[in-house]
Structures are given as structure tokens and as C-alpha cells.
Protein chains: 2
Amino acid sequence: MRRITLDDVASLAGVSPITVSRVLRKPGSVSEALRLRVNSAIENLGYVPNVAASRLASSRTHTIGVIVPTLYNVIFAEYLFALHDVLIAAGFQVIVVNSRYSEVEEENAIKALLGQRVEAIIIAGIHHTPLSRQLLMKANLPVVQTFELSDDPINLNIGMSQERAGHAATRHLIDRGFQRITFLTGNLDHRAQSRFDGYHTAMQEVGLRSMGMIAHRPRHSSVALGSELFGEMHDRGDLPEAIFCTDDNLALGAMQECRKRRIRVPDDIAIMGFHDLEFSACAAPSLSSIATRRYETGKLAAEKVLLALDASTRQSNEQINMGFALVPRESTSGDAGHR
Amino acid sequence: MRRITLDDVASLAGVSPITVSRVLRKPGSVSEALRLRVNSAIENLGYVPNVAASRLASSRTHTIGVIVPTLYNVIFAEYLFALHDVLIAAGFQVIVVNSRYSEVEEENAIKALLGQRVEAIIIAGIHHTPLSRQLLMKANLPVVQTFELSDDPINLNIGMSQERAGHAATRHLIDRGFQRITFLTGNLDHRAQSRFDGYHTAMQEVGLRSMGMIAHRPRHSSVALGSELFGEMHDRGDLPEAIFCTDDNLALGAMQECRKRRIRVPDDIAIMGFHDLEFSACAAPSLSSIATRRYETGKLAAEKVLLALDASTRQSNEQINMGFALVPRESTSGDAGHR
DNA sequence: GTGAAAGCGCTAACAA
DNA sequence: TTGTTAGCGCTTTCAC
């Protein structure tokens, strides 16, 4: 069964192929009589244009490439949602690739996207292999790096200081009177590392000993992992006064484990999360966290890409700091001053 | 700045274009000497193949189309994660389109995917416009409908009975002694409707009055929406003995609102969720729910697609019931028998 | 407003 | 193993 092509439509309608092409792309430039004839031929044949041919001939793909480390994290789902919202509405297709937190896979993803001739790339993170960076710079298309702030952006950069956020979270715990504070993370990706750096600095500033991080394993952050890690920590007998989790999922898991083991939060231990996920406000006790702006980051990134594509001249580098907000709640409200 | 093409690589390496093409696709079929020359030419020029041209020439796209109603729901994120896991590993590209719960947008999505010449389509749901259905049948490619069970599948169908799940959830509440049971939903998509049907039937079977659903608004399910809806219900003064929420997010929001209003769960009101999201086990009280198999559904759908593509002959229709499981927890454990 | 000719960058089929 | 030829299905350019 041969696929129906534009030529088939043209001969059925008794016009030249180019006329069919015009009806499809700029119907206004074709007389009504022909337009109707062509359209009914399209309907009759069930013709669906082949975008590969169109892309090849026009060298326009109307496609934006997006790279995220994982899909299995609400953070990125919210961000992708925003990107889709804006870009689809503007008539672009979005190709999402995940790098599984690997710079090598990211490099492959970049090559794949460039092979697709995407018109812009929006990439989560600022750490890439040298070749990745070089490919992105040479590609001569709008590139947006997101979620973090770079000292040396490739082009556009929309994010926040993970380190300052980690610092603020830790500072909050210190201000509440906690001293033995542990940093808890699953996977140690760049963003978690930066948060840890912020934690470390905050501890040092007030002369406290930073207590390393509990775990480092190649699994995505989840409630279950939080339970596990907390359990192991408790089993080892080194229960701190407070823990700062890189992620609300971990924090919630830790809280769950506390409940099982009859450790009271925040009376026996304070727990601080990160990202302020939707359920965090309604956990019991409610979870203190750092609110981050995933949706807004995606939205802005997409809008900036559209602008850059419109200007069609490569924009000069620009950096936007989306900031973050401390959200103190019950899980860190313990009056730890007089233990 | 002209883009570098395969011909450029060929002339730099002093070979014919087809040799370069072979080095890229089946390196084994080219002598090592030439392969090295070609590869270094590719490196030197920073050549990236144009997939549009490749697709057009080979009429193979190695692309699978996926349609989901929304990205803003963990359910679909987990499912997409599984699809990616399997399909990317098998060397396919995945194009995800969301229909925003609209059959018209779904029809457009189908057209777009067919225009991309995807080699298979995996689509969430079993309700489509007549044209959508016709396009899918005529396209002569593997089609998997997921999440629900169809009486008349287009091709493959991997899902569960939403109605029986709704029935089981309701039955659980009835068995626990609750009688005034309300069904709570935000958006009333097909799956929510089926769950409602199951609820309705279960109520009727034991002679109880089904209490309609509380709300119907075009917003995605969220904790915040659950709070809102529950609040409105309470304000109206019609607090039932139990509520069955179409979604754990709504249920969690309802529980949060209960806590604010000092309504005890499950003593004053029992709450039943749906989907058994990760946080549900560690809510306080822990949330009873229906566990559904999103990841497994996606994995199986992807695997079936690969099989079908391999066989290269259109598979006969097949239906797989993934089932579900009732997960009773604290939020419905109230001993309501003697109120 | 409509069409003819040429070509986008690659690969299938065949030949050497 | 390597190359030649032809063409995938569309759009660009230029002419009418």
C-alpha cells in the first residue's frame, strides 16, 4: 500500500503540486476555487503531509529540543509542562530527551537533537562535557541552560543559586537552635552537590561541624528511599538534631520512618525538605522546605526561546535569577534552644 | 554558514557519499582503513547527519508516537518513564503529545504523529473521535490503547477496568460500614466517569443512594483542588460518612482540609483515594487507595510495540488486563458499624 | 494567482 | 568492499 503524496493530491485536484503545498501552508495565497478543490482531494485521499520531506526542503523544523536528567521527578514534569504550554501554543514541536544524570548521555542527546535540526535547545543544568559545550556553542542556535546559575553561560541562563538555597535552608535550622545537622541525599548530582556546598558553608560560618551526607546511591529520590536512608542512619545510632534533605520526597520518607520508630518530629528531630512539593504543606507535621520555581523557569525559558527565534539574530548572553523562598513549617518548629 | 553535509565528509575523506553513509549506519561493512578516514573527517568537520534527509530516503523513522491527556500528573509521568526506558534502549525516538483531555486535540495529535511517520502509536484511553479511530485503523501500524479496557480495541489494548476498580473501592467503604458515601472528582474525564459508574453500581447493589459527585471543573487533580472541593462540601453542610476520591491528590487535599477544620479521619469521615501514589502510604493517617500499575502498563505497551514492529506483520488484536489492587489503610479503618 | 524546474541531504538498488 | 544512479516528498526560486 503506497503512501499518498502531495503529487497524488495534485493530480486528483487537477493542479500542480506547488499549489497543494500552498493550500497547506498559506491558504490565503490561493484562489478559493482551487483551495476548495485541493482540500476536498486531501480529504478524499486521507492525505497526511510527510514532515520529513517538508523539513528537508524548507530546512525549517519548528522543533525545540529539551534535555532533562530524568522524567521521574515532579520537578521536571512541572517544568516540561510549562515548556509544552508555551511552545506548542506557538506552533512548535517539542522533543524531550533525558540524560539520566549522565554527561555522556547528555552529549549523545545533544547530538541527536542537532541531528534533528532543532531550532533551539533548552537544557537543564550547566555542567556539560567539553564537546557538548562546543557543539552547543557552534550550533549557532538559542540555548537556554536552566535550574542553576552559571559563571559562564553558553547563551541564555535561567535558574537559581542552588548553593544559596542550601545555605538558607541550613541557616534556618541553625537559627531554630539546631546544631547537629545532617545533610541527606540519594543521588549526588550537581544540584545536590551545590546544596551540600551551601549547607557546608552555613555550618562553617557558625563554627559547627558539617556532618557529611548520609548516602550516595544511584537511585532517584523517592519517599521509599528517604525511609530507607533514615532507617539506616537510625540503626547506626547517629541520630542528629535535624536533617536537611535535598528533596521533599526524601524528607517525607524520613518523616514516615520517624513515625514508625516513634521518633517525634520536630520534638526529637527536625526535618527540612527542598522544592516545596504540593503534598509538603499537608504532611503531618507539615514540612518546612525551600520553594523553587519550576513552572516559571520553564515558561520563561520557552518565552525567551521564542523571542530569540523571532529576532533570528543570536541574542547576546543573558542571565536571569529566579530565586527561591524559605517556607518554614511545623517540621522545623521545635524549640531546640534548651536541649 | 552552510551546514556540513555527508558530501562534504565524503570529499574530505576522498570516498563516495554512500561509504560515509555506511560508516554511520553499518560500520562493519566498511574496511577499517576507509572507516578511520571517514571518522576522522566527520570529527574534523563536526558533521552531524540530518535525520530528516535520512528518514525521507529510507522511509524509516525509528520513532514511536505517544499520546497522553496531560503531563501534569504523576500517573502519566510514571507511564512515560517506562515507555522511554524500553523504547530508547531499543533505539527508538519517542514523541510525546498531550491532548489536554480533548478528543479534538487528540485527533490533531494523531494527524501530527502520522505526519511524522511514526512507526507505532501508543495512546492513553479508548475513546476517540470517529476520524481518529479511522486514521489509526487505516494507518496500518501497531496501535496500543492503554489505561482502560475496550470492547472493541483498534489493535492492542493494555489496561484495567476503571469501573471495577471504582466498584471495589466503594465496596470496601460499604464493607467497613459506611453508608453515606460521596464520590469526589475534579475533572470528569472518561476514566473518572467509569470509576463513578462502578461506585454507582456498588451503591445500588446494596440499596444505598449514590450521592453524585461533588464537582466538575476543568482543572487537573491536585492537593489544592481536593482541599477546595472538600471545603465547599463542608460549607454546604453535607458531610457524608465517607468520600471516595478519584485520585490520591484530591484525597490528600481533603484530608488536609479535615485537619484544618478539626474533622477526624477516619473517626468523623473516612477517605478513600485512587492510584496509590507514593506519598499515600505515609500520609497521616495513611490513605486507603486502589493501587494501579502505571509503570508496568507502559513497559508492556512498549514491549508489545517492539514485538509487533519486529514481526513487521500487523499483529492480530490482543487485550491484556493489568488489574488493580485494593490497599486498605488507616483512612478508612473507622469502625463505622455502630454510629 | 499559478506553475516548471531544480534541489534539500540522504539511502535503496544495483553494478563493479 | 566500494561506487553509480536514481529518487524519497516536499519547497524554493523564478518565470508567467
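In this text, all values refer to a predicted model and were calculated from it rather than measured experimentally. Just so we're on the same page: letters track the sequence lines, and every chain starts at 1.
- In this structure, CD1 of I4(A) is placed 11 Å from P of dC10(D), rounded to the nearest angstrom.
- Residue contacts for V51(B): at a heavy-atom cut-off of 4.0 Å it reaches no nucleic acid atom on any strand shown.
- When side chains are defined from C-beta on, T70(A) counts as touching F81(B), because their heavy atoms get closer than 4.5 Å.
- Per the geometry, CZ belonging to R60(B) stands 19 Å off P belonging to dC10(C), to the nearest Å.
- Contact annotation: S59(A) side-chain N/O to dC8(C) OP1/OP2 distance is not under 4.0 Å.
- Taking atom CG of residue L45(B) and atom C1' of nucleotide dG9(C), one finds them 15 Å apart after rounding to whole Å.
- Among the protein residues, T5(A) comes within range of the sugar-phosphate backbone only, with heavy atoms under 4.0 Å from sugar or phosphate atoms but none that close to a base.
- The shortest distance between side-chain heavy atoms of H128(B) and E106(B) falls below 4.5 Å.
- Which of dG3(C), dC10(D), dG7(D) sits closest to the side chain of A57(B) comes down to dG7(D).
- Within the 6.0 Å centre-distance limit, the rings of F147(B) and F76(B) are counted as a close aromatic pair.
- Atom C1' of nucleotide dG9(C) and atom CG of D8(B) are separated by 10 Å, given to the nearest angstrom.
- One can place CZ of R55(B) at 15 Å from P of dC10(D), the figure rounded to the nearest angstrom.
- Between R100(B) and D85(A) there is a salt bridge, since a side-chain N of the basic residue sits under 4.0 Å from a carboxylate O of the acidic one.
- Residue-to-nucleotide proximity on DNA chain C shows that, of S31(A) and S21(B), the 5′-proximal contact is made by S31(A).
- Residue contacts for R25(B): at a heavy-atom cut-off of 4.0 Å it reaches the sugar-phosphate backbone alone, with no base atom in range.
- A donor N or O paired with an acceptor N or O is not found under 3.5 Å between the base of dG1(C) and the side-chain atoms of R35(A).
- The phosphate of dT11(C) (OP1 or OP2) has no side-chain N or O of S58(B) nearer than 4.0 angstrom.
- Comparing L56(B) and I18(B), the nucleotide of DNA chain D nearest to each residue sits closer to the 5' end for I18(B).
- At a threshold of 4.0 angstrom between heavy atoms, the contacts of T19(A) are confined to the sugar-phosphate backbone, with no base atom among them.
- One interatomic measurement links the two molecules: NZ of K26(B) to P of dT1(D), which rounds to 12 Å at whole-angstrom precision.
- Atom CG in L6(A) sits roughly 13 Å away from atom C1' in dG3(C) (whole-Å rounding).
- At a threshold of 4.0 angstrom between heavy atoms, the contacts of R22(B) include nucleobase atoms, whether or not backbone atoms are also involved.
- Map P17(B) and A53(B) each onto its nearest nucleotide of DNA chain D; the residue landing nearer the 5' end is P17(B).
- In this structure, the side chain of R294(B) does not engage the main chain of Y79(B) through any donor-acceptor pair within 3.5 Å.
- Here the side chains of R35(A) and R22(A) are not in contact, with every heavy-atom distance at 4.5 Å or above.
- Distances shown here put a side-chain N or O of S54(B) below 4.0 Å from the OP1 or OP2 atom of dT11(C).
- What separates CZ of R117(B) from C1' of dG9(D) is a distance of 9 Å, to the nearest Å.
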